[in-house]
Amino acid sequence: MEKKKILIVNGPNLNLLGKREPGIYGQESFDSYLPQLRNRYPQVEIDYFQSNCEGALIDRMQQDGFSVDGIVLNAGAYTHTSVALGDCIRAITSPVIEVHISNVHTREEFRHHSMISAACKGVICGFGLDSYRLAIEALIDYRP
C-alpha cells in the first residue's frame, strides 16, 4: 500500500513556537514536534511548510493541493482575515483540516470568527500541539 501524503502548513509567527507566548502556545518548537509526528505515523509521508506571508501559503497549497491526501492548516492570524486562503481551500481538491493550538473561542473576540472554517473539512482547536496529531488521524481515516 502506498503511503498517504499529508502536508502541514503553518502561517505567520508559528515559526516562533516555544518562544512566543509559551503560556498560550507551549514551550515546544514545531521543529522539535515534527519528528515525533513522523515517528508516530511511519505509514504517512508528512511534509511541512511555514511562512509568514499569505501569498506563500496560498502558493504552496495550490502546488500540493491536487496531489496530497490532505492538508493540516494552521493559518495563524490569517484565519481571521484571509478571504484569499478560504478561496484557495475551495479551489483545491485535497481535504483541509483547520487547526489551532489554543482554543480560539476562549480568547479575544476577533479570534472567534474564522474566514477559512467553512471551506475546511473540519476544525480542531485547543489541544496544544496535539491538535496536529488529531488532524492527521482525521485525514488518515478520511474517505471522500
Side-chain angles (χ1 to χ4, degrees), residues 1-18 20 24-144:
M1 178 181 251
E2 192 172 314
K3 280 187 170 189
K4 281 202 169 202
K5 295 179 182 177
I6 294 176
L7 172 65
I8 298 173
V9 176
N10 273 346
N13 300 308
L14 292 166
N15 55 310
L16 297 178
L17 288 176
R20 174 189 178 208
I24 295 173
Y25 299 105
Q27 298 190 5
E28 187 171 7
S29 72
F30 199 81
D31 287 338
S32 67
Y33 180 67
L34 185 57
Q36 295 172 47
L37 284 176
R38 287 179 172 147
N39 287 336
R40 185 176 185 125
Y41 300 103
Q43 76 279 22
V44 179
E45 182 181 318
I46 300 173
D47 199 4
Y48 174 61
F49 179 76
Q50 188 280 327
S51 179
N52 294 317
C53 301
E54 182 180 28
L57 299 173
I58 292 168
D59 287 344
R60 184 59 188 265
M61 290 186 2
Q62 287 180 358
Q63 174 187 312
D64 291 349
F66 296 92
S67 60
V68 297
D69 296 297
I71 297 174
V72 176
L73 173 62
N74 185 339
Y78 289 136
T79 299
H80 318 291
T81 63
S82 181
V83 173
L85 276 172
D87 287 348
C88 174
I89 294 164
R90 286 179 183 89
I92 62 178
T93 57
S94 298
V96 178
I97 306 289
E98 176 185 347
V99 300
H100 299 283
I101 295 166
S102 67
N103 181 347
V104 293
H105 302 288
T106 63
R107 299 185 59 201
E108 304 93 333
E109 183 69 29
F110 76 89
R111 295 184 195 275
H112 297 183
H113 181 72
S114 169
M115 299 295 285
I116 64 173
S117 291
C120 293
K121 296 299 176 199
V123 179
I124 299 170
C125 71
F127 295 97
L129 290 176
D130 209 32
S131 295
Y132 293 90
R133 179 191 63 80
L134 294 168
I136 289 171
E137 292 277 342
L139 288 170
I140 288 171
D141 294 335
Y142 179 76
R143 303 288 179 260

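Once rounded to the nearest 0.5 Å, the distance linking CG of Leu134 with CD of Glu137 reads 7.5 Å. Considering CD1 of Ile89 and OG of Ser94, their distance stands at 11.5 Å, rounded to 0.5 Å. Taken to the nearest 0.5 Å, the OG atom of Ser131 stands 9.0 Å off from the NE2 atom of His100. The distance from atom CZ of Arg38 to atom CD of Glu45, rounded to the nearest 0.5 Å, is 9.0 Å. If you take CG on Asn15 and CG on Asn13, they are separated by 6.5 Å, rounding to the nearest 0.5 Å. Taken to the nearest 0.5 Å, the NE2 atom of His80 stands 7.0 Å off from the OG atom of Ser114.
With Ile71 as the partner, the side-chain contact (heavy atoms from CB on, under 4.5 Å) test is satisfied by one option alone out of Ile97, Asp47, Leu7: Leu7. Of the candidates Ile116, Leu139, Leu73, Val72, Leu73 is the only one forming a side-chain contact (heavy atoms from CB on, under 4.5 Å) with Val96.
Counting heavy atoms from C-beta outward, Met61 and Val9 have side chains that approach closer than 4.5 Å. Taking 4.5 Å as the limit, every side-chain heavy atom of Lys5 sits out of range of all side-chain heavy atoms of Ser67. The shortest side-chain heavy-atom distance between Leu37 and Val44 does not fall under the 4.5 Å cut-off. Put simply, the side chain of Met115 does not reach to within 4.5 Å of the side chain of Ser82, judged on heavy atoms.
With sequence neighbours excluded, the residues that form a side chain to side chain contact (heavy atoms under 4.5 Å, CB included) with Gln63 are Arg60. Evaluation of the side chain to side chain contact (heavy atoms under 4.5 Å, CB included) rule for Ala118 yields Arg90 as partners, not counting sequence neighbours. In this structure, the side chain to side chain contact (heavy atoms under 4.5 Å, CB included) partners of Asn10, at least two apart in sequence or on a different chain, are Ile8, Leu14, Phe30, Tyr48, Gln50, Asn74, Tyr132.
Nearest heavy atom pair, residue Ile46 against residue Tyr41, reads CD1-CB, 4.5 Å. Counting all heavy atoms, side chain and backbone alike, Gly65 lies closest to Ile92 at O-CB, 3.4 Å. Heavy-atom minimum distance, Ser32 versus Glu28: OG-CG, 2.9 Å. Closest approach of Pro12 and Ala77 over heavy atoms only: CG-N, 4.2 Å.
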Apply side chain to side chain contact (heavy atoms under 4.5 Å, CB included) to residues Val68 and Ile6 and explain how you reach the verdict.
CA-CA 6 Å; Val68 297; Ile6 294 176; over 6 Å; no
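Side-chain N or O atoms of Lys3 include one that pairs as donor or acceptor with a backbone N or O of Pro42 at under 3.5 Å.
Under 3.5 Å, the side chains of Gln43 and Glu2 contain no donor-acceptor pair of N or O atoms.
Around atom OH of Tyr142, more than 12 heavy atoms belonging to other residues, nucleotides or ligands sit under 6.0 Å away. Other residues, nucleotides and ligands place more than 12 heavy atoms under 6.0 Å from the NZ atom of Lys4.
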